[in-house]
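If you're wondering where the values come from, they're calculated on a predicted model, not measured in any experiment.
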Amino acid sequence: MKTAKEIIKELPLNLNDIARLVMETAEELGERCVGMERGEMMRLMRRVLHAGVSAIRAEEHTVSFETAAWASVQARAGRRPVTLRDLRHFVRRMLRVEGVAERPLRAMSTRECRELLQAAFGGSVHSYNKGRAILHSIFSFGLRQEWCSENPVSRIECRQVREQEIRPLSPEEIKRLEAAAQQPEHRAMRLSLHLMLYCGLRPQEVARLDESRIQAEQGRVIVPPSSSKTGGGRAVPLRNRGKLRGVPLRIPGNWENRWRRLRRAAGFAPGRWVPDVCRHTFASYHAAYFQDLGALQLEMGHRSANLLLSRYLNLPQVKQAKAYWNLS
């Protein structure tokens, strides 16, 4: 039988080192070792050894945060293009935070994740909460790949959103937009402006809208799930159709730039335009005149009326609303 010295001669340890490790293990196990016989102690030590080796292997089985993040995005390649675009945008913002890209996913703590969210999205509650949701999904994907052993983002609370009332465009501002759309260089945007002001479509929904969805004879516009922000389709009445006489029912290319130039031609300075204000204007004038939040909820594509109640309280006068809908 080999002696202890022969067994360990290939290791950079001596008998004193091994004895010390065994004693430290026994001390950590505490009362579990008290009164054990030699065979029981050997079995327990083997369990401790195997558990430790498994833990080290699991700890080393990980990838960098950057690798995990892009793999998570790739796993959702079948999602809508707008969803993938948002995912990539938010991932890039996270990766710009110093030191994050190369961090092992398994090593990231709740504190680090909270600091990451603050650094990347701290300036906006909406962006922070959306960033938190995407970061949570990255770790959930990592868990399924066994790249990490927990989801540290689960312990991070969403920030409370305080909905602010948004002022609708005034009749004068609406006239400026419509007058600008009459100019030769902006006429291609007349339909787009109409769909935002009088149908409540979001700019992104208009930009992606197929001409076949504009059903003038039936007096409606169909927003399919593939074009909507929330992934749910809806049918919206095509009101004020008289304003569309002679207007080609098609959406022009290079849409974002055209929309930006139209706003500038109407006198809206860059940086002063409120995103989706045409949609808010539609909702405000709709609520003021029709006074039917149920119908408005359906046309807006909201899951509940809570958002309408929190945002559209400073309604225009009925006289203004009547003129807006061309009902005077």
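Arg43 CZ to Glu40 CD: the interatomic distance, rounded to the nearest 0.5 Å, is 6.0 Å. Here the straight-line distance linking atom CZ of Arg159 with atom CD1 of Ile156 works out to 10.0 Å at 0.5 Å rounding. To the nearest 0.5 Å, atoms CG (Leu201) and CE (Met196) are separated by 9.0 Å. Here Cys113 contributes atom SG and Met108 contributes atom CE; the two are 4.5 Å apart, rounded to the nearest 0.5 Å. One distance of note links CG of Leu262 with CZ of Arg187; it measures 13.0 Å at 0.5 Å rounding.
Residues Trp255 and Val223 are members of one and the same hydrophobic cluster, defined by side-chain heavy-atom contacts under 4.5 angstrom among Ile, Leu, Val, Met, Phe, Trp and Tyr. Leu249 and Leu193 fall within a single hydrophobic cluster, where Ile, Leu, Val, Met, Phe, Trp and Tyr are joined by side-chain heavy atoms under 4.5 Å apart, directly or via other members.
With respect to Arg155 and Glu150, a salt bridge is recorded, a charged nitrogen being found less than 4.0 Å from a carboxylate O. Salt bridge Arg20/Glu24: absent, no basic N to carboxylate O contact under 4.0 Å. The pair Glu178-Arg190 fails the salt-bridge criterion, with no side-chain N (NZ, NE, NH1 or NH2) lying under 4.0 Å from an Asp/Glu carboxylate O. For Glu205 and Arg234, the salt-bridge test passes: some basic side-chain N is under 4.0 Å from an acidic carboxylate O.
Arg76 has its side chain within reach of Ser137: a pair of non-hydrogen atoms, C-beta onward, lies under 4.5 Å apart. Side-chain contact between Glu173 and Arg167 is present, with at least one heavy-atom pair separated by less than 4.5 Å. Proximity of Arg103 to Glu112: side-chain heavy atoms (C-beta onward) are separated by under 4.5 Å at one or more points. In this structure, Arg239 and Glu299 have side chains that are in contact, with non-hydrogen atoms separated by less than 4.5 Å. Side-chain atoms of Ser284 and Tyr289, non-hydrogen and from C-beta on, never get closer than 4.5 Å to each other. Residues Met300 and Phe282 are in side-chain contact: their nearest non-hydrogen atoms beyond the backbone lie under 4.5 Å apart. Under the 4.5 Å side-chain criterion, counting only non-hydrogen atoms from C-beta, Phe65 is in contact with Leu116. Two residues are said to be in side-chain contact when any heavy atoms from C-beta on lie closer than 4.5 Å; Val236 and Arg220 fail this criterion.
Sparse packing is recorded around CE of Met42, with 12 or fewer heavy atoms of other residues, nucleotides or ligands lying under 6.0 Å away. Sparse packing is recorded around CD of Glu28, with 12 or fewer heavy atoms of other residues, nucleotides or ligands lying under 6.0 Å away. For Glu157, the CD atom sits in a loose shell: 12 or fewer heavy atoms of surrounding residues, nucleotides or ligands are nearer than 6.0 Å.
A donor-acceptor pair under 3.5 Å links the side-chain atoms of Thr281 to the main chain of Leu169, judged by distance alone. Remark: side-chain polar atoms of Arg258 are not paired, donor with acceptor, to backbone N or O of Ala188 under 3.5 angstrom. Side-chain N or O atoms of Arg261 include none that pairs as donor or acceptor with a backbone N or O of His186 at under 3.5 Å. A donor-acceptor pair is defined here as one N or O able to donate and one able to accept, closer than 3.5 Å; no such pair exists between the side chain of Thr83 and the backbone of Arg79. Put simply, the side chain of Asn151 gets close to the backbone of His136: a donor and an acceptor are under 3.5 Å apart. At least one donor-acceptor pair closer than 3.5 Å links the side chain of Arg176 to the backbone N or O of Ala266.
Ring-plane geometry between Trp147 and Phe141 is classed as perpendicular, the angle between the planes exceeding 60 degrees on a 0 to 90 degree scale with a lower cut at 30.
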Go through the steps to decide whether Asn240 and Trp325 satisfy the test side-chain contact (heavy atoms from CB on, under 4.5 Å), and finish with yes or no. CA-CA 6 Å; Asn240 284 16; Trp325 293 112; 4.1 Å; yes

Test side-chain contact (heavy atoms from CB on, under 4.5 Å) applied to Met94 and Ile134, step by step: CA-CA 10 Å; Met94 293 183 205; Ile134 292 173; 3.9 Å; yes

Residues Leu238, Leu195; criterion side-chain contact (heavy atoms from CB on, under 4.5 Å); working and verdict: CA-CA 8 Å; Leu238 185 59; Leu195 294 175; 4.1 Å; yes

Applying side-chain contact (heavy atoms from CB on, under 4.5 Å), run through Leu209 and Val221 and close with a yes or a no. CA-CA 9 Å; Leu209 194 65; Val221 178; 3.9 Å; yes

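No side-chain N or O of Arg114 forms a donor-acceptor pair with one of Thr110 less than 3.5 Å apart. A donor-acceptor contact closer than 3.5 angstrom is absent between the side chains of Ser192 and Trp259. Using modelled atom types, one finds a donor on one side chain and an acceptor on the other under 3.5 Å when comparing Thr67 with Ser64.
A cation-pi arrangement is not found for Arg260 relative to Phe268, the charged atom failing to lie both closer than 6.0 Å to the ring centre and inside a 45° cone about the ring normal.
When all heavy atoms of Ala216 and Arg241 are compared, the closest pair comes out as O-NH1, 3.1 Å. In terms of heavy atoms, Ala69 sits closest to Val91 at CB-CG1, 3.9 Å. Taking each heavy atom of Leu177 and Arg263 in turn, the nearest pair found is CD2-CA, 4.5 Å. Heavy atoms only, all atoms of each residue included: Pro237 and Cys199 are closest at O-SG, 3.6 Å. Between Pro203 and Asp276, the shortest heavy-atom distance links the atoms CD-OD1, 2.9 Å.
Aromatic pair Tyr285/Tyr324: centroids less than 6.0 angstrom apart.
Cys33 is linked by a side chain to side chain contact (heavy atoms under 4.5 Å, CB included) to Ala26, Leu29, Met41, Leu44, counting only residues two or more places apart in sequence or in another chain.
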